[in-house]
Asks: 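Mind looking over this structure? Questions follow.
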Amino acid sequence: MPQTIGTAVHHELLIKKSRFIACVQPMADRAGAQKIVAELKAQHPGAAHVCWALLAGGQSAAVDDGEPSGTAGRPMLDVLRHQDLEGVLATVVRYFGGVKLGAGGLVRAYTDSVAQALLKAEKIAIIKQRFLICSAPYAMEGLVRREIETAGATLNHVQHADDVKFEFSLPDGAAETLITRLNEAGHGRITWCNPDDE
C-alpha cells in the first residue's frame, strides 16, 4: 500500500569533509518541488549542488544538479520507490569538502542521506477515496444518512430539491458494500449519479 509522510524531516551526513543535508517532505506536484529547490539554492548559495527527487504520480523527477549523471537524483528516487512512497520530495544540499568521492561514493552518499532522513519520518498510508453522489426520496433521508455514517464515509454536501441529494466520499474498498446496502434498503428508489457529470 503506498504511503506518504506526515511532515518534513532532515538528516545531515559528513563524508570525507563533504556535507550532505537531506530533507524529505510531503509534496503534491513538480511546481511545488521546484519552488522548494529554488528556496534551498537561495538559502545555501555556497553549496556545490542541490539534488532532488520527487515521487508524485505522473510528475516524478530525478535531478543531479551538476553531479555526474545518475549519481544523485536517480539513487534518491530509487530510495523513495523502494519504500513505496507517493507525494514525497527528497532534497540533498551538498557542500563539497575537497575530496572526490567517485561515482560509487556519490551514489552511496545520496542514497544514505535520504534513507537516514526517512528513518525519522512518520509514514501515513494513502487510502484511495471514492466520491459518490446519490438521490433519495425525503422519506429515506434518515436511512441514507445512517448508512453513510455507519460506513465511515464523509458527507460533503446535502441538497434538498425534488429529492435529497447526497455527496460523500469514503475509502474505495468500502464503496461497493455501501452501494449494495443502500440499493437493497432503498428498494430501487435511490438513484446514483456519475460525479463526472456534475
Side-chain angles (χ1 to χ4, degrees), residues 1-131 154 156 169-173 195-196:
M1 177 180 290
Q3 298 178 308
T4 191
I5 58 174
T7 55
V9 289
H10 300 82
H11 187 77
E12 190 171 323
L13 279 182
L14 274 172
I15 301 171
K16 294 186 179 175
K17 299 182 183 173
S18 279
R19 261 176 84 201
F20 294 85
I21 306 165
C23 177
V24 288
Q25 62 196 57
M27 185 60 54
D29 56 31
R30 193 180 189 113
Q34 288 170 321
K35 183 173 178 255
I36 296 290
V37 170
E39 289 169 5
L40 284 171
K41 287 183 177 190
Q43 290 167 10
H44 299 274
H49 309 280
V50 179
C51 305
W52 58 284
L54 172 69
L55 256 187
Q59 300 187 43
S60 298
V63 178
D64 293 319
D65 191 40
E67 291 282 30
S69 181
T71 61
R74 175 67 54 196
M76 293 163 64
L77 188 64
D78 288 345
V79 173
L80 299 180
R81 281 194 175 123
H82 180 71
Q83 298 211 15
D84 201 15
L85 293 170
E86 177 62 37
V88 176
L89 169 67
T91 56
V92 178
V93 176
R94 180 187 181 196
Y95 283 90
F96 183 57
V99 179
K100 292 196 172 191
L101 302 179
L106 287 171
V107 169
R108 277 191 300 280
Y110 283 102
T111 299
D112 289 351
S113 296
V114 174
Q116 291 295 321
L118 282 170
L119 289 176
K120 304 176 193 174
E122 175 200 0
K123 294 183 181 146
I124 302 164
I126 298 172
I127 299 169
K128 187 176 177 207
Q129 295 287 308
R130 185 146 159 211
F131 184 68
T154 302
N156 302 322
S169 54
L170 73 164
D172 193 43
D196 298 332

Asks: Please list, one pair per line, the donor and acceptor atoms closer than 3.5 Å that link side chains of residues 117-124 to other protein atoms, with sequence neighbours excluded.
Replies:
from: Lys120; atom 1: NZ; to: His10; atom 2: O; distance (Å): 2.7
from: Lys120; atom 1: NZ; to: His11; atom 2: ND1; distance (Å): 3.4
from: Lys123; atom 1: NZ; to: Gln83; atom 2: OE1; distance (Å): 2.4

Asks: Provide the closest heavy-atom pair for Ile15 versus Ala109 in the form atom of the first, atom of the second, distance.
Replies: CD1-CB, 3.5 Å

Asks: List the atom of Ala8, the atom of Pro26, and the distance in Å for their closest heavy-atom pair.
Replies: N-CD, 4.0 Å

Asks: If you compare all heavy atoms of Asp64 against all heavy atoms of Ala72, which two are closest, and at what distance to 0.1 Å?
Replies: OD1-N, 3.2 Å

Asks: State, to 0.1 Å, how close Asp29 and Gln59 come at their nearest heavy-atom pair, and which atoms those are.
Replies: CB-OE1, 3.2 Å

Asks: Give the minimum heavy-atom separation between Leu77 and Leu54, together with the two atoms involved.
Replies: CD1-O, 3.4 Å

Asks: Suppose we screen for side chain to side chain contact (heavy atoms under 4.5 Å, CB included). Which residues come up paired with Thr154, at least two apart in sequence or across chains?
Replies: Asn156, Ser169

Asks: Distance from Leu106 atom CG to Thr111 atom OG1, nearest 0.5 Å?
Replies: 10.0 Å

Asks: Distance check, rounded to the nearest 0.5 Å: Met27 atom CE versus Glu86 atom CD?
Replies: 13.0 Å

Asks: Not counting sequence neighbours, list each pair that qualifies as a ring-ring contact (aromatic ring centres under 6.0 Å, His included) and has a residue in residues 51-71.
Replies: none

Asks: Could you list all the ring-ring contact (aromatic ring centres under 6.0 Å, His included) pairs where at least one residue sits in residues 74-124, not counting sequence neighbours?
Replies: Phe20-Tyr110, His44-Tyr95

Asks: Quick one: salt bridge (charged side-chain N to carboxylate O under 4.0 Å, His left out) pairs with a partner in residues 87-112, sequence neighbours left out?
Replies: Glu67-Arg94

Asks: Among pairs that include at least one residue of residues 54-74, which meet ring-ring contact (aromatic ring centres under 6.0 Å, His included), considering only residues two or more places apart or in two chains?
Replies: none

Asks: Just to verify, what does Arg19 make a salt bridge (Lys or Arg N to Asp or Glu O under 4.0 Å) with, not counting sequence neighbours?
Replies: Glu12

Asks: How far does CG of Leu80 sit from OG of Ser60, to the nearest 0.5 angstrom?
Replies: 9.0 Å

Asks: Do you know the tightest heavy-atom contact between Cys51 and Met76?
Replies: O-CE, 3.6 Å

Asks: Please list, chain by chain and in numerical order, all residues satisfying salt bridge (Lys or Arg N to Asp or Glu O under 4.0 Å) with Asp65, sequence neighbours excluded.
Replies: Lys41

Asks: Mind jotting down which residue pairs meet the side chain to side chain donor-acceptor pair (under 3.5 Å) criterion with at least one end in residues 70-80? Sequence neighbours excluded, please.
Replies: none

Asks: Got a sec, which residues hit salt bridge (Lys or Arg N to Asp or Glu O under 4.0 Å) with Glu39, two or more places apart in sequence or on another chain?
Replies: Lys35

